[in-house]
Structure formats: C-alpha cells, structure tokens
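Working notes for the structure below.
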There are 2 protein chains.
Amino acid sequence: MQENLKSDATCEERSYGGLENMSGFLISLAQAYVFEHFSEELTPKGMRPAQISALILIRENPGIRHGELAEMLKLKLAYTTKLIKSFEADGWVRREQSEEDRRAIQLYLTPEGAAFVDAMKPVLTESDAARPSGLTARETQQLMRLLRKYLGMDVPGATAD
Amino acid sequence: MQENLKSDATCEERSYGGLENMSGFLISLAQAYVFEHFSEELTPKGMRPAQISALILIRENPGIRHGELAEMLKLKLAYTTKLIKSFEADGWVRREQSEEDRRAIQLYLTPEGAAFVDAMKPVLTESDAARPSGLTARETQQLMRLLRKYLGMDVPGATAD
DNA sequence: TATTGTTATACTCTATAACTATA
DNA sequence: TATAGTTATAGAGTATAACAATA
C-alpha cells in the first residue's frame with residue numbers, strides 16, 4: 001500500500017517515541033478503535049455507546065438515580081441530564097421523584113424502552129464480540145479481566161481467566 | 001457514605017447487566033478514567049492527551065505528514081488540521097510542503113517546540129505511571145502488551161511480560 | 001451547610017461533505 | 001480519476017459554574 005520510499009521521512013519506520021509504553025495512550029487508541037467499529041446496526045437508530053449503555057443500566061437497575069447512572073458510566077451529571085431528557089422525549093424512559101429523598105430522580109424504562117433494550121442488547125453483545133482485533137478469544141477475556149481490575153470493578157460473574 | 005437503605009432500588013447492588021463482559025464498554029470506561037486523571041501539570045499548559053501525543057510524535061518523526069499523524073493518533077484528518085494550525089500559531093510546529101508530493105504537508109518542531117516536548121515528556125511518563133489503578137506494575141505491563149496486540153501495534157521494544 | 005439535579009457556556013473531538021491542489 | 005489536505009457545520013461529550021430544591 002505504501003510505495004513512496006524516497007522522502008527523508010516518509011519511508012522511515014514511524015516511532016511512537018515512548019507512547020507505546022504508556023497505558024493511558026494505549027487505552028485512548030483502543031477507545032478510538034472501539035468507537036470507529038461501533039455497531040453498524042445501532043448507530044442508525046441513534047444509539048451511540050453511551051446511549052445504549054445507559055438504557056441497559058436502567059433496564060437492569062430500575063429506580064437507579066441520575067447520579068448513580070452518571071457514576072457507573074463515568075459521564076458528567078450535567079450531560080446525563082440531557083441524555084435522559086432526550087430518552088424521555090423518545091418515550092423510552094420515565095423519571096420519578098424519589099420518595100425517600102425528594103431531591104433525587106429515579107429512572108425507569110417504559111414498556112417501549114424495555115422492548116427496545118431487550119431487542120438491541122443481543123445486537124450489542126454480538127457486535128462487541130465480532131469487532132476485529134489482534135487478540136484471541138482467550139486474550140480478550142484476559143484483557144477484560146485486567147480492565148475490570150484496573151477500574152476497580154467488582155464483578156463476581158466475571159470469567160476467572 | 002450511603003445510609004439510605006430503604007428504597008426499592010437505592011440500596012440494591014447495581015448491576016452492569018452484561019456490559020462488564022463487553023471489551024468495548026470496559027475500554028470506554030478505562031478511557032474516561034484516564035482522561036479524568038490526566039496530568040495536572042500538563043493541563044494548565046493547554047495540553048490535552050491528543051496535543052501532547054501529537055507533539056511527541058512530531059518530535060520523534062520529523063517530516064511526518066498530516067495524514068500519517070492522524071492515523072497514528074487515530075484522529076480525524078479534519079481535526080488534525082486545526083490542531084496543527086494552533087501549534088503553528090503557538091510557534092511550536094513548522095509546516096512544510098513536501099517536495100516529493102506537493103499535496104503533502106510535512107511537520108517539524110521549532111526549537112521552542114522541541115524544548116517544550118523534551119521538558120514535558122518525562123512529566124507525562126511519570127504521570128502515566130503514577131495514575132492510580134487496581135493493577136500491579138506487572139499487570140499493567142501485561143495490559144499494555146494486550147492493548148498493543150489488540151491494536152495491531154508492532155513494537156519491537158515492548159516488554160515481553 | 002451540603003447534596004441532587006438543572007441550566008448554560010465554552011471547549012474538544014467526531015462525522016460528514018464540499019472544496020483545492022496536486023498526482 | 002484518485003489522493004492530501006482544508007474548511008465548515010452539526011453533534012457528542014467534557015469542564016465549569018451558577019442555580020433551585022431539598023436534606
């Protein structure tokens with residue numbers, strides 16, 4: 001694909017200059033790669049990673065509060081508000097003032113929202129598993145295990161290897 | 001910190017509902033975590049991860065083209081143009097029309113830019129290593145090895161584990 | 001006084017497309 | 001015709017701060 005081997009620089013091996021040994025840099029690149037290969041089925045439905053993840057978390061945790069959702073997804077609370085308002089406008093999410101703490105807002109999926117998530121989750125799971133990478137299935141499991149530990153995510157159901 | 005153990009939902013264990021076994025989701029969370037903990041020394045200097053990485057790559061690969069830089073950093077070419085123009089305005093980068101292919105622009109650091117990178121790179125390296133995570137040093141090496149392989153990054157100098 | 005969520009603004013980066021100048 | 005880069009616009013998500021309501 002590259003045939004121009006003449007320039008003082010264009011032909012040389014490009015170097016990452018130490019960035020290849022920084023975990024932050026590698027994680028950023030991996031993230032860009034993941035976004036680039038995000039599900040071609042979900043994108044046309046207006047679903048970006050943050051959106052489908054939020055709906056899945058609400059599906060899984062009915063009554064979750066704004067702040068809890070933001071923390072689990074590592075989204076800013078201010079942005080979470082916008083996200084949820086748009087879900088509400090779409091008719092997928094219902095907001096309810098908490099009775100214990102009347103400052104808090106609890107989130108629930110509408111029947112339409114729940115049906116949508118139930119239909120889309122297998123699509124997401126499939127597209128995540130199908131995303132091309134240089135890793136074997138076993139290495140992918142290992143990567144996920146390390147990332148969960150990196151994040152301090154306590155997940156009992158995680159595969160041991 | 002949480003004493004409200006009464007709600008139908010607030011007290012229950014929150015579940016990731018399968019997201020914890022999707023590599024794309026875990027990588028996204030890790031990326032958010034990395035950005036959150038980006039060097040407190042570099043940020044006040046107007047350096048975000050993409051910016052300092054770009055400068056390092058130009059430092060390491062004088063004469064690199066716009067497109068090559070965008071590809072290595074997985075940035076969009078359109079955004080790379082803006083980035084480089086702002087570096088040029090800062091006096092850190094010099095742009096030069098390639099002699100072999102007069103469509104291409106080659107990038108070089110000015111002496112000021114080179115001095116800045118040389119001063120900041122140890123800061124970046126240090127802050128990357130110091131970022132708190134749930135991993136041991138050895139696991140971090142393993143994570144980086146897996147990420148490089150995930151990305152198809154061919155790096156001879158990488159630690160073997 | 002501190003906390004939950006809302007609103008608003010500026011900024012970073014993506015997605016897309018139209019454009020130029022070269023090849 | 002295709003490629004390297006530029007410009008512009010819309011959108012996603014961050015950073016920050018001021019604000020209202022409640023604890």
Side-chain angles (χ1 to χ4, degrees), chain A residues 1-4 6-7 9-10 28-29 31-38 40 42-44 46-54 63-71 73-88 93 95-107, chain B residues 1-4 6-7 9-10 28-29 31-38 40 42-44 46-54 63-71 73-88 93 95-107:
Chain A
M1 193 185 263
Q2 274 172 233
E3 289 296 297
N4 46 347
K6 282 165 266 175
S7 150
T10 355
S28 288
L29 285 195
Q31 149 81 344
Y33 183 79
V34 165
F35 263 60
E36 209 174 302
H37 291 79
F38 184 67
E40 293 177 0
L42 286 164
T43 301
M47 287 292 113
R48 298 293 308 154
Q51 272 111 30
I52 186 67
S53 301
I64 193 172
R65 288 186 294 101
H66 258 195
E68 291 179 300
L69 188 64
E71 203 210 329
L73 292 176
K74 296 205 187 297
L75 295 177
K76 294 293 157 185
L77 194 52
Y79 180 67
T80 306
T81 296
K82 281 179 63 176
L83 200 59
I84 296 301
K85 292 239 164 175
S86 83
F87 286 151
E88 203 181 20
V93 166
R95 291 147 39 90
E96 218 172 81
Q97 193 174 32
S98 167
E99 296 190 356
E100 285 87 29
D101 183 342
R102 300 186 58 76
R103 295 171 302 183
I105 303 288
Q106 293 186 285
L107 304 172
Chain B
M1 193 184 262
Q2 276 172 233
E3 288 297 296
N4 46 346
K6 282 164 266 175
S7 152
T10 356
S28 288
L29 285 195
Q31 150 80 344
Y33 183 79
V34 165
F35 264 60
E36 210 174 301
H37 290 79
F38 184 67
E40 292 177 1
L42 285 164
T43 301
M47 286 292 112
R48 297 296 307 156
Q51 273 111 32
I52 186 68
S53 301
I64 192 172
R65 287 186 293 102
H66 258 195
E68 291 179 300
L69 187 65
E71 203 210 329
L73 292 175
K74 296 204 187 297
L75 295 178
K76 294 293 157 185
L77 194 52
Y79 180 66
T80 307
T81 296
K82 282 180 65 174
L83 201 59
I84 297 300
K85 292 237 163 174
S86 82
F87 287 150
E88 202 181 20
V93 166
R95 290 147 40 90
E96 219 172 80
Q97 194 174 31
S98 167
E99 295 189 357
E100 285 88 28
D101 183 342
R102 301 184 58 77
R103 294 171 302 183
I105 302 287
Q106 293 186 288
L107 305 171

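In this text the structure is predicted, and so the values were computed from the model without any measurement. Just so we're on the same page: letters track the sequence lines, and every chain starts at 1.
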Contact class for [X] (heavy atom, under 4.0 Å): base, sugar-phosphate, or nothing?
X	value
B/Gln31	nothing
B/Lys82	nothing
A/Ala50	sugar-phosphate
A/Leu77	base
B/Glu36	nothing

So with a 6.0 Å cut-off around [atom1] of [X], is the heavy-atom count from everything else above 12?
X	atom1	answer
B/Glu99	CD	no
B/Gln97	CD	yes
B/Arg102	CZ	no

By nearest-nucleotide position on DNA chain D, the 5'-leaning member of A/Gln97 and B/Arg103 is B/Arg103
Where each residue is assigned the nucleotide of DNA chain D containing its nearest heavy atom, which of B/His66 and A/Leu83 is assigned the position nearer the 5′ end?
B/His66
Just by distance, do the side chain of B/Gln51 and the backbone of B/Arg48 share a donor-acceptor pair under 3.5 Å?
yes
Nearest to the side chain of A/Asp101 - D/dG13, C/dA17, D/dT22?
D/dT22
Nearest to the side chain of A/Arg48, heavy atoms from C-beta on, is which of D/dT14, C/dT6, C/dA15?
C/dA15
Starting from P on D/dG13, measure out to NZ on A/Lys74 and report it in whole angstrom.
16 Å
Between C1' on C/dT14 and CZ on A/Phe38, what's the gap in Å once rounded to a whole number?
14 Å
Starting at the 5' end of DNA chain C, which residue's closest nucleotide do you reach first, A/Ala104 or A/Phe35?
A/Ala104
Please confirm whether the shortest side-chain N or O distance from [X] to OP1 or OP2 of [N] is below 4.0 Å.
X	N	answer
B/Thr81	D/dG5	no
B/Arg102	D/dT3	no
B/Lys76	C/dA15	yes

Salt-bridge contact B/Glu36-A/Lys74 (side-chain N to carboxylate O under 4.0 Å)
no
